[in-house]
Protein chains: 2
Amino acid sequence: MTSPLEKARKDPESMKARILAGARRVFGAHGFHGTTTRMIANEVGIDISTLHYHWGEKKDLYQAAVTDIYKDLGQQLIDVEKVIHGKPLAERIAVSIDMMVDYLFEHPEVSNLVMLRYFGQTRHDPLIDVKIPEFTADIARSMELCRDGKHVSARAMMEVWTLMNSIHNFIAGESFFRPMVKLGEKQYIALVKETLKFIHIPAFAQRVNANS
Amino acid sequence: MTSPLEKARKDPESMKARILAGARRVFGAHGFHGTTTRMIANEVGIDISTLHYHWGEKKDLYQAAVTDIYKDLGQQLIDVEKVIHGKPLAERIAVSIDMMVDYLFEHPEVSNLVMLRYFGQTRHDPLIDVKIPEFTADIARSMELCRDGKHVSARAMMEVWTLMNSIHNFIAGESFFRPMVKLGEKQYIALVKETLKFIHIPAFAQRVNANS
DNA sequence: ACGGTTTTCCATCATTTGATTGAATCATTG
DNA sequence: CAATGATTCAATCAAATGATGGAAAACCGT
């Protein structure tokens, strides 16, 4: 019982999987409207008709790319949760930032696509984005922002988004911000981590201090 | 000695100014590639040839819209600086957040266009964006992140961007985030301000405390 | 009211783009 | 090998899009 998308992910050498990977990169770099099916076909090194043969219309391929990205992101969040489980809050945040920044820098199309999805009004099927509130709730629980495990308050979601978006901002905006600080890639990554920890750890630490 | 853009701003009833205002809205909502000249003409209620008569090609109109947005944003930053000047740091940040959130909510195309400019790779003429490092440096000085007034460190710029982008994220992403927290517009604005203050004030307060 | 200038719009063009068709190629199975 | 089905591509189509030419309309000083 494997969906088409599942199958494409299983064999990364299959044409369908190669197209999906190319679509992730190109859609991530240029957004839905800035991307042509020819750009993706060219990236993969095939004809556009082959692309349409496997994925149907452009919109469907885009949605598959978004779904695929969300799947990867969800897995990464699980991996992070495993590592930080049980540690004190400040360390959890620090490790989460380190791991997420490293991961997203290696897969910049993830941050690009997520940001363009938030800010570009290109949401054909709102059902795709149900993953986002799930992720948000998981992170909120992991950061102990919920009294009970069930209800996640609006305030808790906003705090999670502030943190997550801060990370995405510096990854997706690297080509904009890095030239302005005139740093190499390694140094930029280090500075991103440092700055994000400086900003976000004290915020949540104040709440722990208040409780103790 | 008034540039064409100056003149258009002076008389907001002139056709050229009306087109520019429409272009700001539509480019802000859909980005450069998601916007057609026909969409803008339709928004203004004119023919596309009238649009081209006043502004030349699409790219030129887009650049004019970006320049115009940056100008408004710069003026708003000046207005904020006037109000917060001389106040203690925590209050400066709180008031800045209040004022900027209110302003950007009334002009959402500003945040939209800025975000899409950061994350969409649609930067034909990099010269337009020289305003951004200027704004960043001004804010850094205003937040006393620089030893001398001259040199602004990479770290200081990153801290400023973290704060500014957090604000832009919630404005430009309102159509995405607000339905998820199921709040009305007023309540959403209030929660945005509250959350941003909670996150950002302690970060900079720690440095003040360390110095004293 | 007149002549010239500016502004506006209708019709149209050339190019790009999403998508399809049908022929050729490749793979698989009996 | 032969035959059947799956895959790929060249050629092409229709619609959308950026842009222009030229006629009509509005404007303006005299």
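Each chain gets a letter, A, B and so on, in the order its sequence line appears, and its residues count up from 1.
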Quiz item: Quick one: are B:E174 and B:F105 in side-chain contact, heavy atoms under 4.5 Å?
Solution: yes
Self-check item: Value in whole Å for how far the P atom of C:dA19 lies from CD1 of A:I19
Solution: 14 Å
Quiz item: Can you say whether the rings of B:F204 and A:F198 are parallel (under 30°), tilted (30 to 60°) or perpendicular (over 60°)?
Solution: perpendicular
Self-check item: Interatomic distance where CH2 belongs to B:W55 and P belongs to C:dT7 [whole Å]
Solution: 13 Å
Quiz prompt | 5' precedence on DNA chain D between B:K58 and A:I46 (nearest-nucleotide basis) | solution = A:I46
Quiz item: What nucleotide among D:dA19, C:dT20, D:dT8 has an atom nearest to a side-chain atom of A:M15?
Solution: D:dT8
Quiz item: Whole-Å distance between C:dA19 P and A:Y62 OH?
Solution: 15 Å
Self-check item: Spacing between B:D47 atom CG and D:dA19 atom P, to the nearest angstrom
Solution: 14 Å
Practice problem: For B:M39 and D:dA16, give me the distance from atom CE to atom C1', rounded to whole Å. | Solution: 13 Å
Quiz item: Nearest-Å distance, CG (A:L61) to C1' (C:dA19)?
Solution: 14 Å
Quiz item: Is B:R24 reaching over with its side chain to a backbone N or O of B:E109, donor-acceptor style, under 3.5 angstrom?
Solution: no
Quiz item: B:H54 side chain: which of C:dT7, C:dA19, C:dT21 is closest?
Solution: C:dT7
Quiz item: Does a nitrogen or oxygen in the side chain of A:Y53 sit under 4.0 Å from OP1 or OP2 of D:dT7?
Solution: yes
Practice problem: Pick base, sugar-phosphate or nothing for A:I48, based on heavy-atom distances below 4.0 Å to the nucleic acid. | Solution: base
Quiz prompt | Interatomic distance where NE2 belongs to B:H30 and P belongs to D:dT17 [whole Å] | solution = 12 Å
Practice problem: Establish whether the base of D:dA19 is bridged to the side chain of B:S49 by a donor-acceptor pair shorter than 3.5 Å. | Solution: no
Quiz item: Within less than 4.0 Å of OP1 or OP2 of D:dT7, is there a side-chain N or O belonging to A:T50?
Solution: no
Practice problem: Establish, for the pair B:K58 and B:F32, whether the NZ or CZ atom is under 6.0 angstrom from the six-membered ring centre and no further than 45 degrees off its axis. | Solution: yes
Quiz item: Given atom NE2 of A:H124 and atom P of C:dG18, what is their separation to the nearest angstrom?
Solution: 12 Å
Quiz item: Could you go step by step and tell me if B:Q75 and B:D79 meet the side chain to side chain donor-acceptor pair (under 3.5 Å) rule?
Solution: CA-CA 6 Å; B:Q75 185 55 53; B:D79 292 349; 3.1 Å; yes
